[in-house]
Amino acid sequence: MIGTMGLVSLDEAIAIAASGRPAFFAGDEPLLRRLPAGNWIAGTIPYFMNEHGSEDHERIFVSEQVEAAHSAIGSYAIAEMETLLAERPRHGYTILIIPGLSDVHLRFQDAVSSAERLLETPMVGFASGVALADIGIVSPLVFDGATREGRADRIVALHVTLPAAREATVGIVNPFREKADSVKLVFPNDGFRQTDVLVDGVRHNFAEWIRTHDLDLRSPLIANLHGYRMNVSFRAVSDENHVDFYGPIFAGQEYELAASLDNYEARFASLVAEIGPMTSAFSCNCVVNYVHGDLAGKHVGYPGPMSFGEIAYMLLNQTMVYLKIDAAA
């Protein structure tokens with residue numbers, strides 16, 4: 001059973017928010033600020049995968065969580081991650097939204113990676129964002145529907161308890177794999193911006209090294225982090241010789257180059273087709289897939305926001321994350 005899931009008018013979104021039904025929303029900040037208080041969470045982003053993959057500043061994406069037997073929302077500082085994890089339902093799932101390109105975004109991976117009971121409850125979500133031209137000008141925000149407050153320094157969560165006959169599972173679509181002959185890259189600092197890098201142990205200016213080797217920036221760096229294959233997407237290479245990323249880089253972690261895709265759209269579409277028809281309560285894709293895969297105007301993947309980072313327990317980039325609800329085994 002799937003409720004409303006897709007782009008709706010502001011009036012429709014207001015009606016859903018006022019209904020009290022649990023939901024998550026995504027859209028431009030001025031639209032989200034017009035939603036009434038309710039049982040919802042939201043994050044800013046103007047890019048969406050829908051029947052016509054699009055940038056939309058007039059409508060709001062909504063996904064009603066109609067399978068919920070019970071739900072609760074919460075707002076947390078990054079230092080309260082253990083509390084957030086402890087408040088997840090025993091039988092159900094949690095949807096998180098974190099403010100993209102913020103200190104919360106930077107510290108999220110460390111905050112969850114040491115949690116002993118991380119995998120006990122399905123947990124998905126996304127990092128909010130803004131129009132790409134507004135990066136550094138406008139802050140990505142998250143909204144707690146109970147207070148209607150937009151924040152750039154908090155995590156919002158929707159905790160959903162399912163009936164005993166239903167269960168949730170998390171899925172990831174990642175079209176990238178490491179290059180067979182990749183060098184090993186290690187960075188000296190944490191953060192979204194990097195200047196120097198050790199390439200197989202030899203220090204270089206990373207921007208100069210990229211230009212010298214004509215690196216395909218459509219493909220991410222990949223790290224094996226806590227047993228997960230983690231993509232970190234390039235955002236820009238500056239003339240001032242620094243490199244910006246959509247996800248955080250961690251000092252001392254070993255990264256490899258991803259192999260380029262011959263046909264980005266076809267590769268992604270084939271992986272999604274293997275999953276089967278949409279029966280998801282949540283899905284998000286990456287804005288980097290939207291840009292590099294030239295997905296504007298195309299329907300490739302499940303409907304959802306095109307985010308500044310995807311969450312499937314851990315923080316991902318250049319993937320599609322989804323949560324399915326099926327009959328309990």
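What you see is a predicted model, and the numbers here were worked out from it, not measured in a lab. For this chain, numbers begin at 1 and follow the sequence in order.
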- Message: Ignoring hydrogens and geometry beyond distance, is a side-chain donor-acceptor pair present between Asn205 and Arg211 at under 3.5 Å?
- Response: no
- Note on the structure: Nearest heavy-atom approach of Pro140 to Thr44 is CA-OG1, 3.5 Å
- Query: Rounded to the nearest 0.5 Å, how far apart are CZ of Arg59 and CG of Asp11?
  - Reply: 13.5 Å
- Item | Side-chain touch Val160/Ile95, heavy atoms, less than 4.5 angstrom | no
- Query: From Ile97 CD1 over to Arg151 CZ, what is the distance, rounded to the nearest 0.5 angstrom?
  - Reply: 15.0 Å
- Task: Answer yes or no: does atom CG of Asn263 have more than 12 heavy-atom neighbours from other residues, nucleotides or ligands under 6.0 Å?
- Result: yes
- Message: Looking at Leu315, is its backbone amide N or carbonyl O close enough to the side chain of Gln109 to form a donor-acceptor pair, meaning the two atoms are under 3.5 Å apart?
- Response: yes
- Task: Would you check if Ile45 and Phe61 make a side-chain contact, meaning some heavy-atom pair closer than 4.5 Å?
- Result: no
- After noting the C-alpha distance and the side-chain angles of Phe143 and Glu29, does the key distance pass the side chain to side chain contact (heavy atoms under 4.5 Å, CB included) rule? CA-CA 9 Å; Phe143 286 80; Glu29 178 185 345; 4.2 Å; yes
- Item | Neighbour count >12 (heavy atoms, 6.0 Å) for atom CD, Glu120 | yes
- Item | Geometric class of the Phe25/Trp40 ring pair [parallel <30°, tilted 30-60°, perpendicular >60°] | perpendicular
- Could you tell me whether Lys324 and Asp326 have a side-chain N and a carboxylate O separated by less than 4.0 Å? no
- Query: Taking all non-hydrogen atoms of both residues, which atom of Leu162 and which atom of Ala168 are closest, and how far apart?
  - Reply: CD1-N, 3.8 Å
- Compute the ring centroids of His105 and Phe192, then answer whether they are less than 6.0 Å apart. yes
- Message: Any salt bridge linking Arg107 with Asp110? Criterion: basic side-chain nitrogen under 4.0 Å from a carboxylate oxygen.
- Response: no
- Message: For the OG atom of Ser260 and the CG atom of Leu215, what is their distance to the nearest 0.5 Å?
- Response: 8.0 Å
- Calculate, to the nearest 0.5 Å, the distance between atoms CG and CG belonging to Asp216 and Leu261 respectively. 8.5 Å
- Message: Would you say Leu35 ends up clustered with Val156 if hydrophobic residues are merged whenever their side chains have heavy atoms under 4.5 Å apart, either directly or through other cluster members?
- Response: no
- Item | Pair Phe187 + Tyr255: ring centers closer than 6.0 Å | yes
- For Gln194 and Val243, indicate whether the former's side chain and the latter's backbone hold a donor-acceptor pair under 3.5 Å. no
- Any chance you could lay out the side chain to side chain contact (heavy atoms under 4.5 Å, CB included) test for Leu217 and Val237, step after step, and finish with the verdict? CA-CA 9 Å; Leu217 300 185; Val237 177; 3.5 Å; yes
- Query: Does the gap between the ring centers of Phe308 and Tyr246 come in under 6.0 Å?
  - Reply: yes
- Message: Minimum heavy-atom separation for Ser71 and Leu158, please, with both atom names.
- Response: CB-CD1, 4.3 Å
- Task: Report yes or no: does Ser63 contribute a side-chain atom to a donor-acceptor pair with the main-chain N or O of Ala281 at less than 3.5 Å?
- Result: yes
- Okay, side chain of Glu12, backbone of Ser9: is any donor-acceptor separation there less than 3.5 Å? yes
- Look only at the side chain of Glu256 and the backbone of Glu254, and say whether a donor-acceptor pair between them is shorter than 3.5 Å. no
- Message: Restricting to non-hydrogen atoms, name the atom on Ala37 and the atom on Ala146 that form the minimum distance, rounded to 0.1 Å.
- Response: CB-O, 3.9 Å
- Note on the structure: Checking His159, Glu87, Arg88 against Thr94 for side chain to side chain donor-acceptor pair (under 3.5 Å), the one that qualifies is His159
- Would you mind reporting whether Phe206 and Val199 have side-chain heavy atoms less than 4.5 Å apart? no
- Message: Checking side chain to side chain contact (heavy atoms under 4.5 Å, CB included) between Leu221 and each of Ile249, Asn231, Asn317, which is the one that passes?
- Response: Ile249
- Task: Would you please indicate if the ring centroids of Phe234 and Phe245 are separated by under 6.0 Å?
- Result: yes
- Query: Considering all heavy atoms of both residues, which atom of Leu31 and which atom of Leu10 are nearest to each other, and what is their separation?
  - Reply: O-CD1, 3.8 Å
- Item | Check against side chain to side chain contact (heavy atoms under 4.5 Å, CB included), Ile155 and Ile78 | CA-CA 7 Å; Ile155 302 167; Ile78 189 65; 3.9 Å; yes
- Atom CH2 in Trp209, atom CG in Leu198: separation rounded to 0.5 Å? 12.0 Å
- Got a salt bridge between Glu178 and Arg229, using NZ or NE/NH1/NH2 to carboxylate O under 4.0 Å? yes
- Message: Checking ring pair (Phe, Tyr, Trp, His ring centres under 6.0 Å) between Tyr322 and each of Phe126, Tyr93, Tyr302, Phe282, which is the one that passes?
- Response: Tyr302
- Taking Ser307 for its side chain and Asn285 for its backbone only, find out whether a donor-acceptor pair lies under 3.5 Å. yes
- Task: Determine, step by step, whether Leu323 and Ile325 satisfy the side chain to side chain contact (heavy atoms under 4.5 Å, CB included) criterion, reporting the C-alpha distance in whole Å, the side-chain angles of both residues, the deciding distance to 0.1 Å, and the verdict.
- Result: CA-CA 7 Å; Leu323 182 136; Ile325 298 176; 4.0 Å; yes
- Query: How long is the gap from CG on Asn289 to OG1 on Thr319, to the nearest 0.5 Å?
  - Reply: 7.0 Å
- Any side-chain heavy atom of Met123 sitting closer than 4.5 Å to one from Leu84? yes
- Message: Within the 3.5 Å criterion, strictly below it, is a donor on Asn174 or Gln318 matched to an acceptor on the partner's side chain?
- Response: no
- Query: Side chains of Val112 and Met81: does their closest heavy-atom pair fall under 4.5 Å?
  - Reply: yes
- Message: Quick one: does any side-chain atom of Ser19 pair with a main-chain N or O of Ile16 as donor and acceptor, under 3.5 Å?
- Response: yes
- Message: Taking the side chain as everything from C-beta on, heavy atoms only, tell me whether Pro122 gets closer than 4.5 Å to Glu167.
- Response: no
- Message: Determine whether a donor-acceptor pair (N or O, by modelled atom type, separation under 3.5 Å) exists between the side chain of Asp190 and the backbone of Ala251.
- Response: yes
- Query: Which atoms form the tightest heavy-atom contact between Val186 and Gly252, and what is the distance?
  - Reply: CG1-CA, 3.7 Å
- Any side-chain heavy-atom pair from Leu316 and Met230 closer than 4.5 angstrom? yes
- Message: Is any side-chain heavy atom of Val321 closer than 4.5 Å to one of Ser283?
- Response: no
- Single-linkage hydrophobic cluster Ile222~Ile311, side-chain heavy atoms < 4.5 angstrom: no
- Message: Tell me whether Arg267 is salt-bridged to Glu265, with the criterion being a basic N under 4.0 Å from an acidic carboxylate O.
- Response: no
- Whether Thr4 side chain and Glu64 backbone form a donor-acceptor pair below 3.5 Å: no
- Message: Tell me whether Leu141 shares a hydrophobic cluster with Val287, the cluster being built from Ile, Leu, Val, Met, Phe, Trp, Tyr side chains joined at under 4.5 Å.
- Response: no
- Task: Keeping the roles fixed (side chain from Arg148, backbone from Arg33), state whether a donor-acceptor pair exists under 3.5 Å.
- Result: yes
- Given Arg154 and Glu80, is the salt bridge (charged side-chain N to carboxylate O under 4.0 Å, His left out) satisfied, shown in steps? CA-CA 10 Å; Arg154 304 282 290 182; Glu80 298 171 315; 3.8 Å; yes
- Message: Looking at Asp200 and Lys184, is any side-chain nitrogen of the basic one under 4.0 Å from a carboxylate oxygen of the acidic one?
- Response: no
- Step through the shown structure and confirm whether more than 12 heavy atoms of other residues, nucleotides or ligands are within 6.0 Å of CZ on Arg34. no
